Amino acid sequence: MFALPGCLRAAAFWGFVYSYSLLCTCIALLKLLCSILMRPQITFQRISREVTPSCLNDPFLGTHCYVRNKDSGLRFHYVAAGERGKPLMLLLHGFPEFWYSWRHQLREFKSKYRVVALDLRGYGETDAPANKDTYKLDCIIVDVKEIVDSLGYTKCVLIGHDWGGMIAWLIAICYPEMVTKLIVLSFPHPTVFTEYILRHPSQLIKSGYYFFFQMPWFPELMYTVNDYKVLKDLFTSKDTGIGKHGCRFTEEDMEAYLYIFSQPGALSGPLNHYRNIFSCLPLKHHQVTMPTLLLWGENDAFVEVEMAELTRVYVKNYFQLSVLSYASHWIQQDQPELVNTLIWTFLEEDRFEIKD
């Protein structure tokens, strides 16, 4: 079969990326124009949110802490629950989320673990560098490793959801000695994702926001339209939201998200993560060597469940996949009791396999 030279493949790849980015931007622009025509008074209205919602300072969730990484100089915010000295459980949130997405797990696992829910670089109270190049996946992976070191640990149970799941996979690949067990929610192995999205138009459409986010400033604007309606719909709409069959997403929970992402400049950091993804993939190394649990929502609106089973090929150890009936993409908030039970069962199993 005829193969294109490397330079032509690269040109074709980036041509595709920017062409699809432009298409997604045009669709978003049409939506904005429709909103301006139909609701001109409220399209650009935003409620000022200056008071921190009380749920973000709930002492039962844990203690707010900060650590400064030596290499980057950035200050990271995290919420910790459980006694120091217990095994470390590190929680990495997705987009558009922050440490609070793990509130149900902070309460649940603090009896046996030092549970740390991190705000990733650019999110929440963690520092957000202005330069988008500082959000490359290599930088994010090093952030997490340095934080584990700063907390006084060499190993952890690593749990990631959505974009945090992508980071968790990469940490497990790059620093296998640091991860005793890997738990990923709602995101396949990165190689599965990159190969699947190019072969399945339905997933390409669902992942259109990856391409839309390549554009400067306009995605940030779209998230603020109609007082952050996009953000509200992600968590509360019939198609993508939480609570259709599981745990209810309260008004206070929604206000916590709106408070965090309505702060000045709060959207650029999270979006800059996506603005670097295409320069970091495909991966050079693929294998995951520790026991791995993958949890998936049957009704996930953003990632197709077929990718979950394909992930098995890249885990060269014990691999468990659980697909939760009726669960949405926001699985640890949607069905926290079931998710917590599955995590406990996996952690307490002494399963270890080495596959050729």
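As a basis for the values below, the full set of heavy atoms in this structure was taken, side chains included, without hydrogen atoms, waters or symmetry mates. Since the model is a prediction, treat every value here as computed from it, not as a measurement.
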* Asked: What are the two closest heavy atoms between Leu61 and Cys55, and how far apart are they?
  -> CD1-O, 3.7 Å
* Over all heavy atoms of both residues, which pair between Leu120 and His273 is shortest? Give the atoms and the distance, please. => CB-CE1, 4.4 Å
* To do: Give me the one residue out of Tyr274, Tyr20, Trp163 that meets ring pair (Phe, Tyr, Trp, His ring centres under 6.0 Å) with Phe213.
  => Tyr274
* Run through Tyr100, Phe249, Phe261 and flag the one making a ring pair (Phe, Tyr, Trp, His ring centres under 6.0 Å) with Phe235. => Phe249
* Asked: Can you check whether Trp330's main-chain N or O pairs, donor with acceptor, with Asp334's side chain at less than 3.5 Å?
  -> no
* Asked: Do NZ/NE/NH1/NH2 and the carboxylate oxygens of Asp253 and Arg103 come within less than 4.0 Å?
  -> yes
* **Residues Arg46 and Asp227 bridged, charged N to O under 4.0 Å** => no
* May I ask you to check if Arg49 and Tyr259 form a cation-pi contact, with NZ or CZ under 6.0 angstrom from the six-membered ring centre and within 45° of the axis? => no
* To do: Would you verify whether the NZ or CZ of Lys145 falls within 45 degrees of the ring axis of Tyr175 while also being under 6.0 Å from that six-membered ring's centre?
  => yes
* Check: Phe211 ring centre within less than 6.0 Å of Phe16 ring centre -> yes
* Are the aromatic ring centres of His93 and Tyr123 under 6.0 angstrom apart? -> yes
Does the side chain of [X] come under 3.5 Å of the side chain of [Y] through a donor N or O and an acceptor N or O?
| X | Y | value |
| --- | --- | --- |
| Thr134 | Asn131 | no |
| Gln203 | Glu306 | no |
| Thr52 | Asn57 | no |
| Asp162 | His329 | yes |

* More than 12 foreign heavy atoms under 6.0 Å from OH of Tyr66: is that the case here? -> yes
* Could you check Arg114 against Glu83 for salt bridge (charged side-chain N to carboxylate O under 4.0 Å, His left out), going step by step and ending with a plain yes or no? => CA-CA 6 Å; Arg114 175 69 169 174; Glu83 297 175 7; over 6 Å; no
